[in-house]
Amino acid sequence: MADGPSRALLGTDGESPGSYSSWVVLGTYLGGGTVLCGSYVWGIAVLMRQYGTAMSLWGHLSDPGWAWLRYGYYVSMTVSAIGFFPSLVYAVRICRFLPKSKVNAICAWLLAFYISEMFWMPMCVAYINSPSTLMYTLIRIDLAMSGILALAWACSKLAAVPVEVQEAAGCCVRVLGTVGTAIFALHCAVLDAIVWPPFFK
């Protein structure tokens, strides 16, 4: 028997996905995230092997005068990484009460973000090895797409989910999951897509 939040949605766009949601959410969030992090590790390893450091990824943000901004970036990256986990728990909770189409939409936006983001590190390595206007432009386009996709993912999860389903996740999980999702998306859309690129050129 479906619970209250599920019954409120059933009949509008299919049956509640049940255990299907858990597997899709965990597979998308953790599977895609692991592959993406692997691309970061690969890129850093390549740069370390070639140059003995990966600080070139920071561009002019590694200059002493911009240390304050780089450290702020470190803080945002750390908070975003930590916030990813309550965001994951929140997704698992709410997706139990959502129809498959909504679960698929949330996961599809995140998967699209992961895929677009996987091009970033290889392009950065290529640019560092051989700077060109074309490669820099491609990096900016890629980061802009990633930022838009991150915001779309956050909106599909935070704004397009009925209030009764949000409440079914529990107060603590809802608040931490919402904050974690928002910080992660804003970091990608603002710091990664807008602030960082000019310093990399």
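Along the sequence shown, residues carry numbers from 1. All of these numbers come straight from a predicted model, not from anything done at the bench. Hydrogens, waters and symmetry mates are skipped; everything else that's a heavy atom, side chains included, is used.
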A.B. asks: Could you tell me the separation between the CG atom of L26 and the SG atom of C95, rounded to the nearest 0.5 Å?
C.D. replies: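 The distance works out to 10.0 Å.
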
A.B. asks: Got a second to check how far M123's CE is from I141's CD1, nearest 0.5 Å?
C.D. replies: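 Rounded to the nearest 0.5 Å, the CE-CD1 separation comes out at 8.5 Å.
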
A.B. asks: Checking S76 side chain against G72 main chain: does a donor-acceptor pair fall under 3.5 Å?
C.D. replies: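 No.
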
A.B. asks: Within the structure provided, determine whether V125 and W42 are in side-chain contact (heavy-atom separation under 4.5 Å).
C.D. replies: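 V125 reaches W42 side chain to side chain.
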
A.B. asks: Just wondering, do S21 and R93 contact through their side chains at under 4.5 Å, heavy atoms?
C.D. replies: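 Side chain of R93 against side chain of S21, heavy atoms only: no contact under 4.5 Å found.
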
A.B. asks: Please give me the minimum heavy-atom distance between Q50 and N129, naming the atom from each residue.
C.D. replies: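 Looks like OE1-OD1, 3.0 Å.
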
A.B. asks: Kindly give the heavy-atom pair with the smallest separation between R140 and P198, and that separation in Å.
C.D. replies: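 In this case the closest contact between R140 and P198 is NH1-CG, 4.2 Å.
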
A.B. asks: Kindly indicate whether the side chain of S146, heavy atoms from C-beta on, has any atom under 4.5 Å from the side chain of Y114.
C.D. replies: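 Contact flag for S146/Y114 side chains = no.
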
A.B. asks: Check whether Y136 reaches the backbone of P197 with its side chain - one donor and one acceptor, N or O, closer than 3.5 Å.
C.D. replies: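 Looks like yes, one N/O pair under 3.5 Å.
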
A.B. asks: Shared ILVMFWY cluster between L30 and V25, side chains joined below 4.5 angstrom?
C.D. replies: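 As far as the 4.5 Å side-chain criterion goes, V25 and L30 are connected within one cluster.
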
A.B. asks: Are Y73 and D192 close enough, and set up right, to give a side chain to side chain contact (heavy atoms under 4.5 Å, CB included), and what steps lead you there?
C.D. replies: CA-CA 9 Å; Y73 215 110; D192 287 350; 2.4 Å; yes

A.B. asks: Tell me whether the centres of the aromatic rings in F200 and W196 are closer together than 6.0 Å.
C.D. replies: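 Yes.
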
A.B. asks: Is the CZ atom of F85 crowded by more than 12 outside heavy atoms at less than 6.0 Å?
C.D. replies: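 No, not enclosed.
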
A.B. asks: Nearest 0.5 angstrom please: C124 SG to F119 CZ, how far?
C.D. replies: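 CZ of F119 is found 13.5 Å from SG of C124.
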
A.B. asks: Taking A169's backbone N and O only, do any of them form a donor-acceptor pair with R174's side chain (distance below 3.5 Å, no angle check)?
C.D. replies: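 Not confirmed, R174 side chain does not pair with A169 backbone.
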
A.B. asks: Step by step, work out the side chain to side chain contact (heavy atoms under 4.5 Å, CB included) result for V161 and K102.
C.D. replies: CA-CA 8 Å; V161 173; K102 289 186 178 292; over 6 Å; no

A.B. asks: Going hydrophobic residue to hydrophobic residue with side-chain gaps under 4.5 angstrom, can you get from I183 over to L149?
C.D. replies: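 No.
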
A.B. asks: Do V24 and Y29 have side chains that get closer than 4.5 Å, going by heavy atoms?
C.D. replies: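 Contact flag for V24/Y29 side chains = no.
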
A.B. asks: Which word best sums up how the rings of F184 and F113 line up, parallel for under 30°, tilted for 30 to 60°, or perpendicular for over 60°?
C.D. replies: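 Judged by the thresholds at 30° and 60°, the geometry between F184 and F113 is perpendicular.
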
A.B. asks: Which atoms form the tightest heavy-atom contact between S56 and L47, and what is the distance?
C.D. replies: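 Answer, listing the atom of S56 first, then L47: OG-CD1, 4.2 Å.
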
A.B. asks: Look only at the side chain of D142 and the backbone of L138, and say whether a donor-acceptor pair between them is shorter than 3.5 Å.
C.D. replies: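 Not confirmed, D142 side chain does not pair with L138 backbone.
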
A.B. asks: Mind checking the CD1-CG spacing from I106 to L110? Nearest 0.5 Å is all I need.
C.D. replies: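 Spacing of CD1 (I106) from CG (L110) equals 10.0 Å.
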
A.B. asks: Under 3.5 Å, is there a donor-acceptor pair between the side chain of S130 and the main chain of Y127?
C.D. replies: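 Between the backbone of Y127 and the side chain of S130 there is no qualifying donor-acceptor contact (under 3.5 Å).
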
A.B. asks: I need the minimum non-hydrogen distance between S156 and A105, along with the two atoms involved.
C.D. replies: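 Scanning both residues, the minimum pair turns out to be OG-O, 4.5 Å.
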
A.B. asks: Do I44 and V41 sit in the same hydrophobic cluster, where Ile, Leu, Val, Met, Phe, Trp and Tyr count as joined when their side-chain heavy atoms come under 4.5 Å apart?
C.D. replies: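 Different hydrophobic clusters.
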
A.B. asks: Taking side chain as C-beta onward, heavy atoms only, is W66 less than 4.5 Å from W68?
C.D. replies: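 They are in side-chain contact.
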
A.B. asks: Looking at CG of L88 and OG1 of T28, how far apart are the two atoms once the value is rounded to the nearest 0.5 Å?
C.D. replies: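 L88 CG to T28 OG1: 10.5 Å, rounded to 0.5 Å.
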
A.B. asks: Taking the side chain as C-beta and beyond, is there a heavy-atom pair between Y40 and E117 under 4.5 Å?
C.D. replies: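 Yes, their side chains come closer than 4.5 Å.
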
A.B. asks: Please say whether the positively charged group of K157, taken as NZ for Lys or CZ for Arg, lies over the ring of Y90, i.e. under 6.0 angstrom from the six-membered ring centre and within 45 degrees of the axis.
C.D. replies: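 Not flagged: K157 not positioned over aromatic ring of Y90.
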
A.B. asks: Does atom CH2 of W120 have more than 12 heavy-atom neighbours, drawn from other residues, nucleotides or ligands, at distances under 6.0 Å?
C.D. replies: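 Yes, because the 6.0 Å sphere around CH2 of W120 holds more than 12 heavy atoms from other groups.
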
A.B. asks: May I ask you to check whether W58 and Y74 place their ring centres under 6.0 Å from each other?
C.D. replies: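 Distance test on ring centres: under 6.0 Å, yes.
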
A.B. asks: What distance do L134 atom CG and I139 atom CD1 have between them, rounded to the nearest 0.5 Å?
C.D. replies: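 Here the rounded value is 10.0 Å.
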
A.B. asks: Heavy atoms only: give me the nearest S80-H187 pair and the separation to one decimal.
C.D. replies: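 Smallest interatomic distance, heavy atoms only, reads OG-CB, 3.4 Å.
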
A.B. asks: Please name the pair of heavy atoms, one in M135 and one in A126, separated by the smallest distance, quoted to 0.1 Å.
C.D. replies: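 Minimum heavy-atom separation between M135 and A126: CE-CB, 4.2 Å.
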
A.B. asks: Within the structure provided, determine whether M121 and L57 are in side-chain contact (heavy-atom separation under 4.5 Å).
C.D. replies: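 A side-chain contact under 4.5 Å exists here.
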
A.B. asks: When clusters are formed by joining ILVMFWY residues with side-chain heavy atoms under 4.5 Å apart, either directly or through shared neighbours, do L36 and L111 land in the same one?
C.D. replies: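 Linked within one cluster.
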
A.B. asks: Is V195 linked to M55 within one hydrophobic cluster, defined over Ile, Leu, Val, Met, Phe, Trp and Tyr using a side-chain heavy-atom separation of less than 4.5 Å?
C.D. replies: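 Yes, V195 connects to M55 through the hydrophobic network.
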
